Chemist: 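Next up is a structure, given as structure tokens.
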Amino acid sequence: MTHRFALVAIGALALAACGSKVEPPVEQIVVRQPGQAAGAAPAAATDLVAAGKAAFAVCATCHAVEAGKASGIGPNLNGVVGRKAGALADFGYSAALKQSGLTWTEAELDAFIANPSGKVPGTSMAAGAVSDAERRKAIVAYLASLTP
Ligand code: HEC
């Protein structure tokens, strides 16, 4: 239960930070109780993607992920894994991100999400850092599952 509360709290913070254009989180994280049979099994890849989709709620206030959907406060992240940083024509990127020379491998995404302005000084992504490594891993797995 604490996990779900933490997520809701982060979601509420993101909502407060972003103001409008907010979609409520649609997924729930299933937290298994100790002693439940399934809890002993290692998380399968699909569980990771599902957890990442839920954790992405804090990003969804600014980022669309549906193929072809217009960018919002942040650029559309559909197909971002393998994409050059700052590549979408419909989004006004910071010069810092455009000139970063980065390609979004899973490792680069992890580093950026951990600390956006540490990875790309001068980036206009002012919120959305995720300090929890497991949560970042899930979010990156979710992003990798999205194809254009
Ligand atoms: C408050 C709004 C906001 C939130 C919340 C946010 N972002 Fe961003 N994001 C941005 C903006 C604005 C940019 C463009 C940054 C720039 O141009 O320097 C960006 C850029 C990015 C990029 C680079 C995309 C590209 O096309 O090069 C990635 C990847 C990214 N964000 C991932 C995330 C993830 C994952 C989360 C959630 C953990 C998140 N962001 C949360 C606003 C946000």
Side-chain angles (χ1 to χ4, degrees), residues 1-32 39 42-148:
M1 283 313 271
T2 40
H3 284 76
R4 192 181 301 170
F5 272 114
L7 183 71
V8 169
I10 291 167
L13 273 177
L15 294 184
C18 273
S20 56
K21 299 182 89 172
V22 167
E23 291 177 26
V26 289
E27 295 285 327
Q28 291 183 331
I29 291 182
V30 176
V31 181
R32 293 192 182 110
T46 49
D47 287 351
L48 195 63
V49 170
K53 186 175 183 183
F56 189 80
V58 302
C59 323
T61 54
C62 296
H63 289 285
V65 290
E66 299 84 357
K69 191 167 175 189
S71 295
I73 298 166
N76 188 318
L77 295 181
N78 189 281
V80 72
V81 175
R83 193 164 87 193
K84 284 199 158 124
L88 293 188
D90 81 334
F91 186 80
Y93 290 97
S94 67
L97 191 68
K98 271 191 133 166
Q99 291 161 15
S100 67
L102 291 172
T103 295
W104 293 123
T105 62
E106 297 193 13
E108 298 284 28
L109 281 168
D110 183 85
F112 183 68
I113 298 166
N115 183 358
S117 57
K119 178 71 180 165
V120 180
T123 180
S124 55
M125 181 163 144
V130 176
S131 58
D132 185 275
E134 284 304 309
R135 187 166 289 207
R136 285 200 307 276
K137 188 177 170 191
I139 289 173
V140 171
Y142 170 60
L143 289 175
S145 77
L146 302 170
T147 46

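Bear in mind the structure is a predicted one, so any value in this text is a computation, not a measurement. Each ligand, and each atom within it, is numbered from 1 in the order the structure gives. Hydrogens, waters and symmetry mates play no part in the numbers below; they use all other heavy atoms, side chains included.
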Chemist: Kindly give the atom name of the N, O or S atom of His63 closest to atom 8 (Fe) of ligand 1.
Modeler: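 Within His63, restricted to N, O or S, atom 8 (Fe) of ligand 1 is closest to atom NE2.
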Chemist: If every non-hydrogen atom of Ser71 is compared with every non-hydrogen atom of Phe91, which pair is closest and at what distance?
Modeler: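 Scanning both residues, the minimum pair turns out to be CB-CD1, 3.8 Å.
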Chemist: Given that the side chain starts at C-beta and the backbone is N, CA, C, O, which of these parts of Val120 lies under 4.0 Å from ligand 1, counting heavy atoms, or is it both or neither?
Modeler: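 Neither part.
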Chemist: What atoms in ligand 1 come closer than 4.0 Å to a heavy atom of Ile73?
Modeler: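 Matching atoms, with element in brackets: 12 (C).
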Chemist: Can you measure from CG (Asp90) to CG (Asn76) and round to the nearest 0.5 angstrom?
Modeler: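 If we round to the nearest 0.5 Å, Asp90:CG and Asn76:CG are 7.5 Å apart.
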Chemist: Please identify which atoms of ligand 1 are closer than 4.0 Å to at least one heavy atom of Ser94.
Modeler: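 Answer for ligand 1: 16 (C), 17 (O), 18 (O).
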Chemist: Ignoring hydrogens, just give me the one of Arg136, Met125, Lys98, Glu108 whose non-hydrogen atom is nearest atom 39 (C) of ligand 1.
Modeler: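 Going through Arg136, Met125, Lys98, Glu108 one by one, Met125 has the nearest heavy atom to atom 39 (C) of ligand 1.
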Chemist: Looking only at heavy atoms, which two atoms of Pro116 and Ala129 are closest? And how far apart?
Modeler: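 In terms of heavy atoms, the two residues are closest at CD-CB, 3.7 Å.
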Chemist: Taking the side chain as everything from C-beta on, heavy atoms only, tell me whether Leu102 gets closer than 4.5 Å to Phe112.
Modeler: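 With C-beta onward as the side chain, the pair stays apart.
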Chemist: Quick one: look at Leu88 and ligand 1, take heavy-atom pairs under 4.0 Å, and tell me if it's side chain, backbone, both or neither.
Modeler: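 Neither part.
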Chemist: Examine Trp104 against ligand 1 and note whether any of their N/O atoms are separated by less than 3.5 Å.
Modeler: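 Yes.
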Chemist: Mind checking the OH-CG spacing from Tyr93 to Leu88? Nearest 0.5 Å is all I need.
Modeler: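 One gets 3.5 Å once the value is rounded to the nearest 0.5 Å.
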Chemist: Ser124: heavy atom below 4.0 Å from ligand 1, yes or no?
Modeler: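 Heavy atoms of Ser124 do come under 4.0 Å of ligand 1.
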Chemist: If you count the atoms of ligand 1 from 1 in the order shown, which ones are under 4.0 Å from a heavy atom of Val130?
Modeler: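 Counting from 1, the qualifying ligand atoms are 38 (C).
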Chemist: CG of Asn78 to OG1 of Thr147: how many Å apart, nearest 0.5 Å?
Modeler: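 Answer rounded to 0.5 Å: 6.5 Å.
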Chemist: Please confirm whether Pro75 comes within less than 3.5 Å of ligand 1 when only nitrogen or oxygen atoms on both sides are compared.
Modeler: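 Looking only at distances, the answer is no, because the N/O contact criterion of under 3.5 Å is not met.
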Chemist: Check each atom of ligand 1 against the heavy atoms of Gly86 and keep those under 4.0 Å away; list them by number with element.
Modeler: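 This gives 25 (C), 26 (O), 27 (O) as the contact atoms.
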Chemist: Give the atoms of ligand 1, by number and element, whose distance to some non-hydrogen atom of Leu109 is under 4.0 Å.
Modeler: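 By the 4.0 Å cutoff, the relevant atoms are 29 (C).
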Chemist: Heavy-atom distances under 4.0 Å are what count here, so tell me which part of Arg83 touches ligand 1: side chain, backbone, both or neither.
Modeler: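 Under 4.0 Å from ligand 1, Arg83 contributes side-chain atoms alone.
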Chemist: I need the minimum non-hydrogen distance between Tyr142 and Val65, along with the two atoms involved.
Modeler: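 Reported closest heavy-atom pair: OH-CG2, 3.6 Å.
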Chemist: Below 4.0 Å from ligand 1: does a non-hydrogen atom of Ala126 turn up there or not?
Modeler: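 No heavy atom of Ala126 comes that close to ligand 1.
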Chemist: So if I count the atoms of ligand 1 from 1 in the order they appear, which ones are less than 4.0 Å from some heavy atom of Ile113?
Modeler: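 This gives 35 (C), 38 (C) as the contact atoms.
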Chemist: Quick one: does Lys84 get an N or O within less than 3.5 Å of an N or O on ligand 1?
Modeler: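 It does not: no N or O of Lys84 is found under 3.5 Å from an N or O of ligand 1.
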Chemist: Test: side-chain hydrogen bond (donor to acceptor under 3.5 Å, both in side chains). Region: residues 103-114. Which pairs qualify, not counting sequence neighbours?
Modeler: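 Listed by first then second residue: Glu108-Lys119, Asp110-Arg136.
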Chemist: Would you give the length of the straight line joining atom NZ of Lys137 to atom CG of Asp132, rounded to the nearest 0.5 angstrom?
Modeler: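 Between atom NZ of Lys137 and atom CG of Asp132 there are 11.5 Å.
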Chemist: At less than 2.8 Å, would any N/O/S atom of Cys59, backbone or side chain, sit next to atom 8 (Fe) of ligand 1?
Modeler: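 False for Cys59.
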Chemist: In Å, rounded to the nearest 0.5 Å, how long is the span from OG of Ser100 to NZ of Lys84?
Modeler: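 NZ of Lys84 is found 10.5 Å from OG of Ser100.
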Chemist: Taking heavy atoms and a distance under 4.0 Å, where does Thr123 meet ligand 1: side chain, backbone, both or neither?
Modeler: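 Both backbone and side chain of Thr123 come within 4.0 Å of ligand 1.
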Chemist: When you compare the side chain of Leu77 with that of Leu146, does any pair of heavy atoms fall below 4.5 Å?
Modeler: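 In short, these two side chains do not touch, never coming nearer than 4.5 Å.
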Chemist: Could you state the interatomic distance from CD1 (Ile73) to NE2 (His63), rounded to the nearest 0.5 Å?
Modeler: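 So the gap between those two atoms works out to 9.5 Å.
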Chemist: Within the 4.0 Å heavy-atom shell around Cys62, which atoms of ligand 1 are there?
Modeler: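 Every atom of ligand 1 under 4.0 Å from some heavy atom of Cys62: 1 (C), 2 (C), 3 (C), 4 (C), 5 (C), 42 (C), 43 (C).
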